[in-house]
Protein chains: 2
Amino acid sequence: MGRGKIAIKRIDDSTNRQVTFSKRRNGLLKKAKELAILCDAEVQVIIFSSTNKIYEYSSSSMTSVIQRYNRCKDEKDQVVNSTSDVKVRAVPSASFPSGT
Amino acid sequence: MGRGKIAIKRIDDSTNRQVTFSKRRNGLLKKAKELAILCDAEVQVIIFSSTNKIYEYSSSSMTSVIQRYNRCKDEKDQVVNSTSDVKVRAVPSASFPSGT
DNA sequence: TTTGCTATCTATAACTA
DNA sequence: TTAGTTATAGATAGCAA
């Protein structure tokens, strides 16, 4: 999306990598926020830079998202096996069946 | 980013909201993955749709990210506040001008 | 209904100061 | 170095099946 096309692989030059990180991080957080608002979804993003700084966005509280996530996992008992690929796991549940 | 510009507010029409959710969710997950690869960052995204489906991406394991997050919170207690760059907290109304 | 198309809008790679 | 500019690649809103 810029003057040239880039391959999706680790950027070798550290300065360039840092600049790209800053720009894309902002972009990602903005998109996350837009998705939450537009679609009435609960969205959470956590980013650790390679220099160990943390950046985050959560449409509600971090804790509640993580708890909701854990509850979901507890019921479904799988999922967390995400590799480095995009693992989009849909857990269809129309409501919150406590004792299914 | 499409045939017309839209305001960042909840989409009223449920069909349209569902379609937009599907498209933007994919976009967000793709961006998250790109950021992780390009910039050697650890990135996690959790999304709950308004119909309670969960979608997620994590560049490493979900558990390790959440643990790292908790450790970070525990140690520093400041997290994102130090960087005036990205002040995306769970306070929606403050930072969205939505200029006409 | 949902998927695919594409004109248009947005993010950003490379450049400049 | 980092911050600002801009041309281009990429995302997507509305439409068509």
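Lettering follows sequence order; numbering is per chain, from 1.
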Take nucleotides 11-17 of chain C nucleotide by nucleotide from the 5' end and write B, S or -, depending on whether a protein heavy atom sits under 4.0 Å from the base, only from the sugar-phosphate, or from neither. BBBBS--
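- Under the salt bridge (charged side-chain N to carboxylate O under 4.0 Å, His left out) criterion, the residue pairs touching residues 57-68 of chain B are B:E42-B:R68, with sequence neighbours excluded.
- Under the side chain to side chain donor-acceptor pair (under 3.5 Å) criterion, B:S64 pairs with B:S60, B:S61, sequence neighbours left out.
- Not counting sequence neighbours, A:S14 has no partner by the side chain to side chain donor-acceptor pair (under 3.5 Å) test.
- The ring-ring contact (aromatic ring centres under 6.0 Å, His included) check on A:F21 picks up A:Y55, with sequence neighbours excluded.
- Sorted by first then second residue, the salt bridge (charged side-chain N to carboxylate O under 4.0 Å, His left out) pairs that include residues 10-23 of chain B, not counting sequence neighbours, are A:D40-B:R10.
- Every residue was checked against the salt bridge (Lys or Arg N to Asp or Glu O under 4.0 Å) condition with A:R3, not counting sequence neighbours, and none meets it.
- In 5' to 3' order, the nucleotides of DNA chain D bounding all contacts with chain A (an atom under 4.0 Å from a heavy atom) are D:dT1 to D:dT12.
- Partners of B:S22 according to the side chain to side chain donor-acceptor pair (under 3.5 Å) rule, which considers only residues two or more places apart in sequence or in another chain, do not exist here.
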